[in-house]
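Structure record follows, encoded as structure tokens.
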There are 4 protein chains.
Amino acid sequence: MSTPSTSGRKDAQRNRLRVLKTARALFAERGDDVQMPELARAAGVGVGTVYRHFPTRQALVEAAAEHRFAELAAYAGTECRSRPELGGGLERYLTRVGEVLAADRGLSAAIEAARGTSETEPRGPALAELEAAIEVLIADGKAAGTLRADVTVADVYMLVGALSATIRTGSGDWKRFIDLAMNGLRTA
Amino acid sequence: MSTPSTSGRKDAQRNRLRVLKTARALFAERGDDVQMPELARAAGVGVGTVYRHFPTRQALVEAAAEHRFAELAAYAGTECRSRPELGGGLERYLTRVGEVLAADRGLSAAIEAARGTSETEPRGPALAELEAAIEVLIADGKAAGTLRADVTVADVYMLVGALSATIRTGSGDWKRFIDLAMNGLRTA
Amino acid sequence: MSTPSTSGRKDAQRNRLRVLKTARALFAERGDDVQMPELARAAGVGVGTVYRHFPTRQALVEAAAEHRFAELAAYAGTECRSRPELGGGLERYLTRVGEVLAADRGLSAAIEAARGTSETEPRGPALAELEAAIEVLIADGKAAGTLRADVTVADVYMLVGALSATIRTGSGDWKRFIDLAMNGLRTA
Amino acid sequence: MSTPSTSGRKDAQRNRLRVLKTARALFAERGDDVQMPELARAAGVGVGTVYRHFPTRQALVEAAAEHRFAELAAYAGTECRSRPELGGGLERYLTRVGEVLAADRGLSAAIEAARGTSETEPRGPALAELEAAIEVLIADGKAAGTLRADVTVADVYMLVGALSATIRTGSGDWKRFIDLAMNGLRTA
DNA sequence: GATGAATGAGGTTTCATTCAT
DNA sequence: AATGAATGAAACCTCATTCAT
């Protein structure tokens, strides 16, 4: 509507991204109660286009989740390691995660709602990347003598999940959660 | 229709409880996808009766949540304190919570779904009781010198929420979570 | 809307019938392009009520088919045999079928559309009844020496189907079809 | 885009035929539930190309119908008359029709679905040809003294329609249908 | 002429809740 | 107080058709 030409084949990818970003924004704002036609309208495309790129509402939510996840993974792999000599890369990482999630509780809610009763967590491609990055942060911490020797990626992953829930449900001060969690990971 | 009168107030209470227990059982088994008419049938009453006692589906879910919560509170107040000289009352409590929640992931999911995008957590009457009980467990721990001096009820409450999410989503080994959490609460 | 009270439990059956009759009428008039909400409105009930009685659009169409089928079966069992000494019971029956179907081409179209690509024909309870009645008509004809000795119920059933298609598609004069068909069934 | 020019008019005809044949094949296999984009893909062209040649899905189905119809007409005009002294040209023709339709029930279903509630049958160019051919077969039969004197092309056309329906719906043994039909057409 | 991404009006079905009996 | 049939507002998704490239 504001952009003059809606274009053709070439920027199908651009459309996909547009939908994805609109979805993130709308979910962030209003949680799970966003309907497909409305979302399409907000993205400036027809519902059909949304469904072309994401065959199911759930698929769209998952893609939004993955999108945010990828950002978090990228952060873990770059900024957090930037000054390893300072130590505390892991803590900086968790804090960053907290900030992102806190700014975006609606999306978390939508993701949670979409999970429904499904038993398994979806494992997107960004996950492997994230795990590798966290591995490094853990190694740094152990090298600096600040982390317990038995800390694993699985531990951190679990704590991120717990942090996310804490923020989403507002069951407490998430900075305090990180504080306690880091304390739990540190050498006695 | 032909039976003169099916009794009075006493049956009403019995019905309320029947519905509540059926709800806990069905939610536990199938999560949020339980429909009101079906639930009514399972409880052996009509939908109307369910609605007489719980004006809304959400109200019923909240009641089920409170019901479970009350059990947890009772446990904190009794068994966990039973042998304070042993120490570790708080850890025993968290473990108990974990066991109950792990046996009951469906109900957690239903509760979570019912919360929807609502900002605030419902605070039922059992909460005060629980807080008092936890206060005591914390005091015990501090007296035994095992807990950090700054640990509060809010901390524990937050950790219980995080534990619940960890179990519900299956994002990791919840016993390990308790391990890390307790480590975080302990004196350095 | 015109009837003062919509009543409760007792005339659920009355509602079912009302929906069924409305369906027959609407399908007769407009063929397959009748939508559920519209049909419900025409029947003076909500869509939900329609779906309570007929879990699927297809189920409703099938019920309408069966309803008409039952009428045809009843006719075969009664009027057509009324004066066997006249002979020609089978022909009178086919003619009657033709009249009913000709007055009701829309329903035939809806039924056909609902069948879709499905391989098998639905066999409702009226079918057995019809077959028994036709058996008798055939026996009458053979006794009167007018029908070929090898004529079976399956033949007649097949011819009824063919007659139905002839009428529905308007591919010719159905009375002529009956003429030819009867000629085909008669002794040389 | 890089290829200078993909030829001119000749390819267009080739494409038309390609689409038509693909349509026949796909409809034969899956009945009416074939989508335009899918059909286009199967034909190795874009949807746009399909629409260039057939302005409407219905038009394509009709073209497929006509295509098959033309084959049937050709057969009536050639092989069936090949040895008129044998008699039974009409029966041989109907049998051939039956064989073709039986191998192709899906297309019949698609044609039927496309007709929808429309009152009139489409009359393609092959029809006149067919009628002429049948006229001859009928004349042969009458000359041989095997057909009733009042048999018309319209009768045969109607019977072909009925035969088609019998095969499509599977309501009986279509060879038996031909048997009865021929018997109906024969002199007493 | 060909391509295929985009469109968006519809259509079926679900299920929390109401209310006549 | 209990019953359960009825309600009807949604909400998702499909797919024939268009048109910019």
Side-chain angles (χ1 to χ4, degrees), chain A residues 5-16 33-38 40-41 44-58, chain B residues 1 3 5-9 11-12 15 33-41 44-58 60, chain C residues 5-16 33-38 40-41 44-58 60, chain D residues 1 3 5-9 11-12 15 33-41 44-53 55-58 60:
Chain A
S5 93
T6 330
S7 96
R9 210 150 18 241
K10 200 158 49 191
D11 22 18
Q13 279 317 303
R14 183 164 288 169
N15 262 347
R16 197 196 123 94
D33 68 350
V34 177
Q35 296 162 227
M36 298 301 271
E38 176 189 15
R41 216 158 37 241
V45 300
V47 236
T49 303
V50 176
Y51 278 95
R52 164 173 286 272
H53 292 295
F54 307 96
T56 282
R57 188 185 198 281
Q58 168 149 267
Chain B
M1 282 223 155
T3 7
S5 137
T6 335
S7 108
R9 246 124 320 171
D11 266 12
N15 268 345
D33 69 349
V34 176
Q35 297 159 229
M36 296 301 271
E38 176 190 16
L39 194 152
R41 220 160 32 245
V45 301
V47 238
T49 303
V50 175
Y51 275 91
R52 163 165 296 274
H53 293 296
F54 307 96
T56 280
R57 186 185 199 278
Q58 169 149 260
L60 175 57
Chain C
S5 91
T6 328
S7 95
R9 208 149 21 240
K10 200 160 46 188
D11 23 19
Q13 279 318 302
R14 182 164 289 170
N15 263 346
R16 196 195 124 93
D33 68 350
V34 177
Q35 297 162 228
M36 299 302 271
E38 175 190 16
R41 215 157 38 242
V45 302
V47 236
T49 302
V50 176
Y51 276 92
R52 163 173 287 272
H53 292 296
F54 306 96
T56 281
R57 188 186 198 281
Q58 168 149 266
L60 175 56
Chain D
M1 281 223 153
T3 7
S5 137
T6 335
S7 107
R9 246 124 321 169
D11 268 13
N15 268 344
D33 68 348
V34 176
Q35 297 158 229
M36 297 300 272
E38 174 191 17
L39 194 153
R41 219 160 33 244
V45 301
V47 238
T49 302
V50 175
Y51 275 91
R52 163 164 296 274
H53 294 294
T56 280
R57 187 187 199 276
Q58 170 149 258
L60 174 57

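Convention: sequence-line order gives letters A, B, ...; per-chain numbering from 1.
Between A/Thr49 and the phosphate of E/dA5, there is no side-chain N or O to OP1/OP2 separation shorter than 4.0 Å. In terms of phosphate contacts, D/Asn15 brings a side-chain nitrogen or oxygen within less than 4.0 Å of OP1 or OP2 of E/dA2. Applying the 4.0 Å criterion to OP1 and OP2 of F/dA1, one finds that B/His53 has every side-chain N and O outside that range.
In this entry F/dT21 has E/dA2 as its Watson-Crick or G-U wobble partner, both defining distances falling under 3.5 Å.
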Nucleotide by nucleotide, nucleotides 9-14 of chain E touches protein heavy atoms under 4.0 Å in the pattern (B base, S sugar-phosphate only, - none) B-SBBB

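For B/Ala40 against B/Val50, the heavy-atom pair with the smallest separation is CB-CG2, 3.7 Å.
Rounded to whole angstrom, the span from the CG atom of D/Leu39 across to the P atom of E/dG4 amounts to 14 Å. Taking atom CZ on C/Arg52 and atom P on F/dG8, their separation rounds to 15 Å, with Å as the unit. In this structure, CG of B/Leu60 is placed 10 Å from P of E/dT17, rounded to the nearest angstrom. Between C/Arg14 atom CZ and E/dA20 atom P the separation is 18 Å, expressed in whole Å. Residue A/Arg16 contributes atom CZ, which lies 12 Å from atom P of E/dA6 at whole-angstrom precision. Between the CG atom of D/Asp33 and the P atom of F/dT14 there is a distance of 13 Å, rounded to whole Å. Straight-line distance from the CZ atom of A/Arg41 to the P atom of E/dA6: 19 Å, rounded to whole Å.
Between B/Arg52 and B/Asn15 there is no side-chain heavy-atom pair separated by less than 4.5 Å.
Not counting sequence neighbours, C/Gln58 has no partner by the side chain to side chain donor-acceptor pair (under 3.5 Å) test.
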